[in-house]
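Worksheet for the structure shown next.
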Amino acid sequence: MKNSDYSNIKNKLKKYKVTPFQEKVLLATLEIPKGRTLSYKVLAEKIGHPKAFRAVGTALKKNPLPLTIPCHRVIKNNGEIGNYSNGGNVKKRKLLINEKAIA
DNA sequence: CCCGATTCCCCGC
DNA sequence: GCGGGGAATCGGG
């Protein structure tokens, strides 16, 4: 992992029309380890909004970097896949899951 | 004002 | 003890 890459992503985020809250969510999502999934609630708690789990999902929905941000690693607190709908196709999810399987 | 990638609690059986 | 349903919560358009 290159720190420069991470910074580059943050820079891109600033360029996008993302809200402060979304930026936080996206950053927290980028912190998700490879082959690991995180629940919306845990993510919300990490950013300081334990009750904003819903807003977190909304923020990820607006995710400007779906291929950069592992939003597919974000799942329900139940451990089940939520409503991942980036481009809106299950095929993409399968591809991302493949990445997850590599761990 | 309304909706949306969720979560938790309470009641019933 | 387990399952299901409804309400709560936060942010964005």
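Side-chain atoms are counted along with the backbone in the values below, which use heavy atoms only and exclude waters and symmetry mates. Throughout, protein chains are lettered first and strands after them, A, B, ... in sequence-line order, and every chain is numbered starting at 1.
The shortest distance between side-chain heavy atoms of A/L65 and A/K12 falls below 4.5 Å. Counting only heavy atoms from C-beta outward, the side chains of A/L60 and A/T29 approach each other to under 4.5 Å.
Taking the ring pair (Phe, Tyr, Trp, His ring centres under 6.0 Å) definition, one finds that A/F21 meets it with A/H49, sequence neighbours left out. Taking the side chain to side chain contact (heavy atoms under 4.5 Å, CB included) definition, one finds that A/K76 meets it with A/N78, sequence neighbours left out. In this view, A/N8 satisfies the side chain to side chain contact (heavy atoms under 4.5 Å, CB included) rule with no residue, not counting sequence neighbours. For A/P64, the side chain to side chain contact (heavy atoms under 4.5 Å, CB included) partners are A/L13, A/Y16, A/V18, A/Q22, A/L26, not counting sequence neighbours. Taking the side chain to side chain contact (heavy atoms under 4.5 Å, CB included) definition, one finds that A/E31 meets it with A/Y6, sequence neighbours left out.
OP1 and OP2 of B/dG4 both lie 4.0 Å or more from every side-chain N or O belonging to A/N83.
A distance of 9.5 Å separates NE2 in A/H72 from CG in A/L67, rounded to the nearest 0.5 Å. Interatomic distance, A/I81 CD1 to A/I75 CD1, rounded to the nearest 0.5 Å: 6.0 Å. Remark: A/K41 NZ to A/K46 NZ distance equals 12.5 Å, nearest 0.5 Å. If you take CG on A/L30 and CZ on A/R73, they are separated by 9.5 Å, rounding to the nearest 0.5 Å.
With a 3.5 Å limit on both pairing distances and Watson-Crick or G-U wobble geometry required, the stems of 3 or more pairs in DNA chain B span B:1-4 with C:10-13, B:6-13 with C:1-8.
Rounding to whole angstrom units, NZ of residue A/K61 and P of B/dC3 are separated by 15 Å.
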Criterion side chain to side chain contact (heavy atoms under 4.5 Å, CB included) on A/N77 and A/Y40, from CA distance to verdict: CA-CA 7 Å; A/N77 196 21; A/Y40 294 95; over 6 Å; no
Evaluation steps, side chain to side chain contact (heavy atoms under 4.5 Å, CB included), between A/V25 and A/L43: CA-CA 7 Å; A/V25 176; A/L43 200 62; 4.2 Å; yes
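Atom name P, nucleotides C/dG4 and B/dA5: the rounded distance is 22 Å, in whole Å.
Taking a 4.0 Å limit (strictly below) on heavy-atom distances, residues 9-18 of chain A does not reach DNA chain C anywhere. A heavy atom lying under 4.0 Å from DNA chain B marks the following residues of residues 38-45 of chain A, by number: A/Y40, A/K41.
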Reading 5' to 3' through nucleotides 6-11 of chain C, protein heavy-atom contacts under 4.0 Å coded B for base, S for sugar-phosphate only, - for none: --BSBS
Protein-nucleotides 2-4 of chain C N/O pairs closer than 3.5 Å?
none

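Taking all atoms of both residues into account, the shortest heavy-atom contact from A/I47 to A/K24 is O-NZ, 3.5 Å. A/P66 approaches A/C71 most closely through the heavy-atom pair O-SG, 4.2 Å.
In this structure B/dA5 sits in the syn conformation; its chi angle is within 90° of 0.
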